[in-house]
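Written out below as structure tokens is the structure these notes cover.
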Amino acid sequence: MAELSYREAVAHGIAQEMRRDPQLVMLGEDIASAGGVFKTTVGLLDEFGPGRVRDTPISEQAILGAAMGAAMTGIPVIAEIMFSDFLAVCWDIVANQMAKSRYMTGGQVNIPVVIRTANGGGSRFGAQHSQSVENWCMMIPGLKVVAPSTPADVVGLMAAAVRDPDPVVFFEHKSLLATKAEVPDGEIVEQLGEARLVREGSDCTIAALALMVPRALEAADRLAGDGIAAEIIDVRSLVPLDTQALLSSVAKTGRFYTVEENPRLCGWGAELASIVADEGFWNLDGPVVRITTPHIPLPSAEALEDMSLPTADRIYETVRKTMD
Amino acid sequence: MSTERADPGAYDYSQRSARLPAAVNQSNRDLPISIESRLELYELQQVLRQFEQRAYDLFMQNLVKGTSHLSLGMEAVAAGFGLAKRPDDYSFATYRGHAHTIAAGVPLGPVMAELLGRENGLLKGKGGSMHLTSVDHGMMGSYAIIGAHLCIANGAAWSAQLRGTDQVAIAFFGDGTTNIGAFHEALNLAVIWKLPVVFVCENNLYMEYTPIDVVSAVPNPAADRGPAYGLEGILVDGNDADAVFHVASRALAKARAGDGPSLIEAVTYRHGGHSRADPGKYRPADEVEAWLDRDPIPMYHRRLLELGVPEGDLATIQQSVAGRVEEATEYAKNGLHPGPEHLFTDVWADGGSAWRN
């Protein structure tokens, strides 16, 4: 057992898979020599060499096109898109090509690509370097989508994503990079499509993702002081989605909340709310409540950004008010 | 400031002066290409021509739904590369990909059945005319949003490089693709990584409904851009199968030898409109007529006669191809319409489409 930062866990997880599979390669901007602009790929060039860890030009379409073409001809690839906002400049390859080629060709091709990308707010980078865009990916048939919240899950879900034969978009949260936690020794492999129950409780269910998980946990501590036992579920994988974990929790608690970093409209929580309303309606003791960033571009100033993203305070107050 | 429209061709392209084809370069007859290879080029062009003429007839009978983009008149490009490439090389095409699919060796029946949306189609009816793919034949897909596939072809070439094979990836695209960003990203990466890839621009003078010269900064939309990436700007007569075969063979050998990518612009002309919906009325009548006179297939027929091939041999090829197209049509028409069991298959590699438990 060693303590690793979330940042270190990214390179640790990639290295675990590159040692296991000598065919696995990676490419992206500044990932090799510089070790990544977020230092999430430090050491990989030294261990695996320039043939397997390649710097690219600022050409997101070229990066993901190369990843797709290599993957469909037998070479699994990890591709980095530096900021998840930049997916917009190569979206054709993600949404139209990688996601749909298997279906459109009657199952002739597999696309074993992991698109790693730095996601989320809290770094005061403004509206084009701070977005939570997991919903862009979630709505496209043919893409799998994961967003770990802990160093151990970074390693385990990276392994699951790399070993999956379908395209997986892997969201690394910028504001979690410095967080540290124990990571078990030896190989760690999680399953895509499994949520994690991170805190048990009997009074309400709160589903959260990535940076919102520690904030929901902090809120749960305060709610406990008020006699409210909140159950926290780290969704981890949006596609495939572990609906049974959510529905069984709601069957126990009777209340359902989502905490989403994304702007309001069409957030993943809306889909979860719909599923809970459809299939868990008779277990509900009150309305489903979504806690989200307002439907605005994210502002850069510290004071304004802090007002936008859901905080432990906002989660606590919202639950407190609606549980009365 | 005058707002008068001095040049009627500025707003009605059919009134512009014609872009006329170059004369046939008769010395291409003397290229070192065997008669056997030339007969294969002839047969392949006949297959492509007769197949697409039949596809057009089936549209008119409303047996093909949706859209389709024919390459009638452009057969020499697909034939030249089809014969020059190795069976394990990779091809990538655009929505105008019938010819490249067939030239990769894919049987006609499943291709025709896919156009008809049948269960026995190449893609089980799930892709259609614009997405023809046959991995078993190295035909790695037809990409209906132009540009991306140049970047994807790079990836296949990178994979060949990593696996230590000497396979080459060939990306076919139209003149319109040269103005999209992915074209430029792909050329740059291919050069800096010295990838075994050949980029083939089929310049048919029109990007959909607009003359390519009206929307391009340079006269030769692909070849003139090559030098910006350290590539030779190669222009070839895309209506002469011998010329295409010759240039293709050189580019493929270069890539196979590890000497990196090539960019080839093959100048040609489509006999019909952009797609099923387009009668092509924006083209000057004398231009269309001149290019119909430069039809690659009668020209090649004449060349083979000059080289001493008996007329009867060519007639036999034509008839045998007609039989194959007839068989493919029957195969397609006899296919079933796909049932609901196909709707939810093959989203994921496990064969299914489940997104939740």
Side-chain angles (χ1 to χ4, degrees), chain A residues 23 25 27 51-52 54 56-75 77 89-90 92-93 96-113 138 141-144 164-166 193-194 238-245 247 271 275, chain B residues 90 92 114 121-128 130-136 138 140-141 143-145 147-163 167 169 180-182 184-190 192-193 195 197 342 345-351 353-357:
Chain A
Q23 283 208 303
V25 294
L27 79 169
R52 295 180 67 193
R54 294 200 83 161
T56 68
I58 301 177
S59 301
E60 280 79 9
Q61 296 184 86
I63 292 169
L64 292 189
M68 176 171 167
M72 64 199 281
T73 52
I75 299 287
V77 183
V89 301
C90 49
D92 174 47
I93 295 184
N96 291 319
Q97 312 301 350
M98 285 191 189
K100 296 183 172 75
S101 284
R102 164 160 257 283
Y103 188 81
M104 291 196 306
T105 62
Q108 292 185 55
V109 294
N110 287 342
I111 318 277
V113 171
M138 186 186 187
L143 294 180
K144 294 177 179 174
D164 194 279
D166 296 311
E194 281 184 7
L238 292 176
V239 184
L241 183 64
D242 188 354
T243 62
Q244 296 311 310
L247 291 165
E271 188 59 49
I275 291 167
Chain B
Y90 298 118
F92 294 78
E114 187 61 29
L122 190 61
L123 318 172
K124 303 174 192 169
K126 290 162 93 166
M130 295 200 288
H131 297 294
L132 297 175
T133 304
S134 181
V135 170
D136 288 346
M140 301 308 290
Y143 295 80
I145 304 171
H149 71 297
L150 279 71
C151 298
I152 300 167
N154 272 347
W158 181 35
S159 156
Q161 206 178 49
L162 286 165
R163 287 180 285 111
Q167 292 163 287
I180 204 166
H184 300 270
E185 292 193 18
L187 290 187
N188 185 59
L189 193 81
I192 61 171
W193 288 11
L195 294 174
V197 59
H342 295 292
T345 58
D346 288 327
V347 173
W348 307 124
D350 67 8
S353 61
W355 56 270
R356 57 168 288 183
N357 60 7

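Worth knowing before you read on, the calculation uses all heavy atoms, side chains too, and leaves out hydrogens, waters and symmetry mates.
Using a 3.5 Å distance cut-off with no hydrogens or angles, the side chains of A:Thr105 and B:Thr133 do not pair a donor with an acceptor.
No other option in A:Lys100, A:Gln61, A:Arg102, A:Arg52 has as many heavy-atom pairs under 4.5 Å with chain B as A:Arg102. Annotation: maximal heavy-atom pairing with chain A below 4.5 Å, among B:Gly147, B:Ser134, B:Ala144, occurs at B:Ser134. Chain A forms the most heavy-atom pairs under 4.5 Å with one residue out of B:Ala157, B:Ala354, B:Ala182, B:Ala190, and that residue is B:Ala182. Per-residue heavy-atom pair counts under 4.5 Å with chain A were compared for B:Asn154, B:Asp136, B:Leu189, B:Ile145, and the maximum is reached by B:Ile145. Note: A:Asp242 leads A:Val239, A:Asp242, A:Ile93 in heavy-atom pairs under 4.5 Å with chain B.
In terms of heavy-atom proximity, B:Trp158 sits nearest to A:Ala66 at CE3-O, 3.8 Å. Residues B:Lys124 and A:Gly106 come closest through the heavy atom pair NZ-O, 3.1 Å.
B:Trp348 meets the ring pair (Phe, Tyr, Trp, His ring centres under 6.0 Å) test with no other residue; sequence neighbours excluded. In terms of the side chain to side chain donor-acceptor pair (under 3.5 Å) criterion, residue partners of B:Tyr90 (sequence neighbours excluded) are, by chain and number, B:Arg163, B:Gln167.
For B:Ser353, no part lies near chain A; criterion is any non-hydrogen pair under 4.5 Å.
A:Asn110 contributes no side-chain N or O that, together with a main-chain N or O of B:Ala349, makes up a donor-acceptor pair within less than 3.5 Å.
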